[in-house]
Peer 1: 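Sending over a structure as structure tokens; questions will come in a sec.
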Amino acid sequence: DRDVPKDCSAKRQRTDPKVPPTLPAGPSRYDGPFPFYRRPSEMGRFSLDGQRCYHGDARKLRYYAPPPIEGPSPGFDLRDGYHDRYVRRDESIREGLEHLLRWVSQNRKLLQSEDKGRPLNADFITWRGHLTKVLTTPYETQEGWLLAVSLFRGTLYISEVETEAARKQREERSELLKELTYMGYKFEQYMCADTPDGTPDPTGVVNTNEGFCTVIRTRLGTHSLLFSGEVDCTDPRSPWPDPPSCYVELKTSKVMHSPAQRRSFYRHKMIKWWAQSFLPGVSRIVAGYRGPDGTIVGLETFETMKIFQLIREDPGCWKPAVCMNFCAAFLAFVKKVVTEDNSKLVHLFAWEPGQPVSFTVHRDSSYTFLPDWYVDALST
Ligand code: A3P
Ligand code: MG
Ligand code: MG
């Protein structure tokens with residue numbers, strides 16, 4: 001039981017102020033009612049073009065255009081174009097919060113607060129993907145994380161730092177994994193059009209520099225959140241016509257043949273899919289199932305809000321409430337720990353499977369992540 005040390009460490013923390021506090025991450029102590037989570041609302045949008053340049057508009061938004069009938073094999077060949085029509089984003093470039101901060105600095109008026117010392121009306125600003133990692137932490141057994149936090153003019157900024165293990169994995173990624181990654185993007189190309197009434201063009205180039213991002217505001221318990229996340233497409237014929245509900249998340253996964261395979265998929269993969277889409281209020285996830293030859297052999301649509309019904313029959317499965325309660329506890333922990341308002345001060349929160357969340361403090365170090373241009377823009 002991961003939670004065994006909780007009582008003694010809590011006691012030690014109360015009696016010894018020199019021992020820095022930690023946050024337990026095992027699922028048992030976060031089991032309880034689902035916390036308050038305000039319906040996410042879209043505050044804005046931006047796009048990244050084929051050269052990874054920022055544009056404060058929706059030019060890279062794509063439109064959901066599935067094949068006419070769902071169910072039978074659409075026959076998409078996900079390997080097509082891997083060698084000759086693939087422009088891959090350089091993942092060694094660490095962008096941090098850069099694009100999101102650009103949106104924030106250009107849209108300050110939308111976020112103005114009453115409070116003079118606090119230019120932005122948000123407790124936390126971060127990427128959706130960072131929060132997805134926090135949500136899945138109580139159930140994660142493979143990959144740890146590092147999250148850098150700075151408090152600047154009343155708002156806490158969270159920016160991920162690549163772990164050594166993740167860097168190694170990225171640099172040593174096998175040819176098979178590289179092709180699988182491509183296949184995920186190729187699926188998007190088969191399912192999306194550039195215009196609301198258009199049809200997909202699978203003869204085009206797959207360029208993973210391109211992206212469309214939504215900027216979302218919401219509240220988890222007592223924490224107001226502003227985050228941005230990349231969105232695969234919007235459905236112009238969605239039963240919920242407004243963003244973010246009209247957005248569709250596309251995913252690929254290996255085709256399943258047995259109830260045991262499906263259970264394992266629900267336990268280990270669905271948690272990530274759910275967390276990613278639930279946070280920004282994306283209402284549908286469309287799965288493309290990959291056959292052994294790299295073609296799509298079936299499609300299945302999941303309603304994000306109904307996923308908990310699929311998993312609750314399985315007592316060994318993850319619980320959405322645990323994910324959200326842990327996230328709320330982590331944000332409260334960050335608020336308690338990071339109290340000095342200083343854009344150059346970084347608290348680095350670290351978590352490894354089986355361990356509680358801990359942190360280290362870094363002043364004027366290479367961990368500093370808020371860019372000078374942003375600090376200047378928000379100081380005037
Ligand atoms: P699949 O998820 O269908 O495999 P997203 O699903 O978040 O829109 O991401 C699109 C694709 O990017 C993924 O498609 C996958 O190919 C790739 N991708 C996303 N996150 C990744 C990660 N952590 N490592 C490797 N590839 C990733
Ligand atoms: Mg995506
Ligand atoms: Mg996707």
Side-chain angles (χ1 to χ4, degrees), residues 45-48 52 58 60-64 66 74 76 78-82 86-92 94-95 99 127-133 135-136 140 142-146 160 162-163 165-192 200 206-214 216 227-235 244 247-256 265 268-280 282-291 294-302 304:
R45 328 168 113 183
F46 60 88
S47 297
L48 302 169
R52 204 69 186 163
K60 288 297 172 186
L61 174 61
R62 291 181 295 179
Y63 297 85
Y64 183 57
F76 301 154
L78 301 184
R79 293 201 172 110
D80 178 47
Y82 178 56
Y86 184 20
V87 178
R88 190 159 49 157
R89 178 166 74 87
D90 181 352
E91 287 174 64
S92 67
R94 307 303 299 170
E95 297 177 328
H99 301 304
W127 284 113
R128 177 271 311 274
H130 301 358
L131 292 175
T132 303
K133 289 198 176 176
L135 255 68
T136 59
E140 176 64 45
Q142 308 291 314
E143 286 164 16
W145 47 250
L146 290 169
E160 189 180 27
E162 191 173 39
T163 62
R167 186 183 57 81
K168 239 182 136 240
Q169 264 192 30
R170 176 170 56 77
E171 284 170 357
E172 294 163 10
R173 204 177 294 163
S174 66
E175 187 53 32
L176 187 77
L177 267 174
K178 285 182 190 164
E179 193 170 20
L180 271 175
T181 301
Y182 170 79
M183 291 161 74
Y185 292 110
K186 183 68 187 174
F187 177 59
E188 296 176 359
Q189 192 190 52
Y190 276 116
M191 296 289 286
C192 298
V206 169
N207 182 338
T208 57
N209 288 300
E210 297 180 2
F212 164 80
C213 294
T214 178
I216 296 289
F227 57 79
S228 178
E230 192 257 338
V231 166
D232 291 337
C233 57
T234 185
D235 181 359
Y247 294 144
V248 178
E249 172 60 46
L250 301 171
K251 289 287 180 197
T252 58
S253 197
K254 205 166 146 187
V255 65
M256 296 169 281
F265 162 76
H268 305 294
K269 208 157 187 178
M270 197 57 115
I271 181 175
K272 296 188 177 168
W273 293 12
W274 171 80
Q276 180 189 30
S277 288
F278 179 77
L279 279 166
V282 170
S283 61
R284 273 180 306 168
I285 303 167
V286 174
Y289 295 119
R290 249 187 293 114
T295 65
I296 290 292
V297 297
L299 299 171
E300 183 173 7
T301 300
F302 296 96
T304 311

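Just follow the structure's listing: the first ligand is 1, and inside any ligand the first atom is 1.
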Peer 1: Tell me which part of E188 gets within contact of ligand 1: side chain, backbone, both or neither, using heavy atoms under 4.0 Å.
Peer 2: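 For E188, the contact with ligand 1 is made by the side chain alone.
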
Peer 1: Judged by atom type as modelled, is there a donor-acceptor pair below 3.5 Å linking the side chain of T304 to the main-chain atoms of V282?
Peer 2: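 Yes; at least one donor-acceptor contact below 3.5 Å.
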
Peer 1: Is K60 salt-bridged to E210, going by a charged N under 4.0 Å from an acidic O?
Peer 2: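 A salt bridge is present here (some side-chain N lies under 4.0 Å from a carboxylate O).
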
Peer 1: For G144 and T163, which heavy atoms make the closest approach, and how far apart are they?
Peer 2: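 Closest approach of G144 to T163: O-CG2, 4.1 Å.
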
Peer 1: Under 2.8 Å from the Mg ion (ligand 2), which protein atoms of type N, O or S occur, listed by chain and number?
Peer 2: E230 OE1, D232 OD1

Peer 1: Within a radius of less than 6.0 Å around NZ of K251, do more than 12 heavy atoms belonging to other residues, nucleotides or ligands occur?
Peer 2: yes

Peer 1: Can you give me the closest heavy-atom contact between T252 and L78, atom names plus distance?
Peer 2: CG2-CD1, 4.2 Å

Peer 1: Nearest to atom 25 (C) of ligand 1 by heavy atom, T181, L177, L250: which?
Peer 2: T181

Peer 1: Is any N or O atom of T252, backbone or side chain, closer than 3.5 Å to an N or O atom of ligand 1?
Peer 2: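 It does: an N or O of T252 is found under 3.5 Å from an N or O of ligand 1.
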
Peer 1: Any idea which heavy atoms bring G288 and L299 closest together, and the distance?
Peer 2: CA-CD2, 3.8 Å

Peer 1: With a 4.0 Å cut-off on heavy atoms, does T208 reach ligand 1?
Peer 2: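 Per 4.0 Å heavy-atom rule, T208 does not contact ligand 1.
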
Peer 1: Ion pair present between R94 and E162, side-chain N to carboxylate O less than 4.0 angstrom?
Peer 2: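 Yes, R94 and E162 are salt-bridged.
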
Peer 1: Please write down residue, atom name and distance for the protein heavy atom closest to atom 13 (C) of ligand 1.
Peer 2: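 Answer, as residue, atom name and distance: G184 CA, 4.3 Å.
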
Peer 1: Applying a strict 4.0 Å limit to heavy atoms, is Q276 in contact with ligand 1?
Peer 2: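 The answer is yes: ligand 1 sits under 4.0 Å from a heavy atom of Q276.
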
Peer 1: So, R62 side chain and C233 main chain: donor-acceptor pair closer than 3.5 Å or not?
Peer 2: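 Judged by distance alone, no pair lies under 3.5 Å.
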
Peer 1: Check this for me - ligand 1, Y182, N or O atoms closer than 3.5 angstrom, yes or no?
Peer 2: no

Peer 1: Treating R45 as the side-chain partner and F212 as the backbone partner, does any N or O pair qualify as donor plus acceptor under 3.5 Å?
Peer 2: no

Peer 1: Give a yes/no verdict on whether any heavy atom in Y185 is under 4.0 Å from an atom of ligand 1.
Peer 2: yes

Peer 1: Does K178 form a side-chain contact (heavy atoms from CB on, under 4.5 Å) with Y82? I'd like the steps, not just the answer.
Peer 2: CA-CA 10 Å; K178 285 182 190 164; Y82 178 56; 3.4 Å; yes

Peer 1: Nearest protein heavy-atom contact for atom 24 (N) of ligand 1: which residue, which atom, what distance?
Peer 2: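 Ranking protein heavy atoms by distance from atom 24 (N) of ligand 1, first comes R173 NH2, 4.8 Å.
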
Peer 1: If we set the cut-off at 4.0 Å for heavy atoms, which region of D232 has an atom near ligand 1: side chain, backbone, both, or neither?
Peer 2: side chain

Peer 1: Look at atom 22 (C) of ligand 1 and say whether a protein heavy atom is found at less than 4.0 angstrom from it.
Peer 2: no

Peer 1: Do any N or O atoms from the side chain of S253 and from the backbone of Y289 form a donor-acceptor pair under 3.5 angstrom?
Peer 2: no

Peer 1: Assess whether a salt bridge exists between E179 and K186, defined as any Lys/Arg side-chain N lying under 4.0 Å from an Asp/Glu carboxylate O.
Peer 2: no

Peer 1: Any protein heavy atom sitting closer than 4.0 Å to atom 3 (O) of ligand 1?
Peer 2: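 So atom 3 (O) of ligand 1 has protein heavy-atom neighbours under 4.0 Å.
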
Peer 1: Search all heavy atoms of N209 against all heavy atoms of D90 and return the closest pair with its distance.
Peer 2: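 It is OD1-N, 4.5 Å.
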
Peer 1: Would you mind listing which atoms of ligand 1 come within a distance below 4.0 Å of any non-hydrogen atom of K251?
Peer 2: 2 (O), 3 (O), 5 (P), 6 (O), 7 (O)

Peer 1: Any protein heavy-atom neighbour for atom 19 (C) of ligand 1 (distance below 4.0 angstrom)?
Peer 2: no

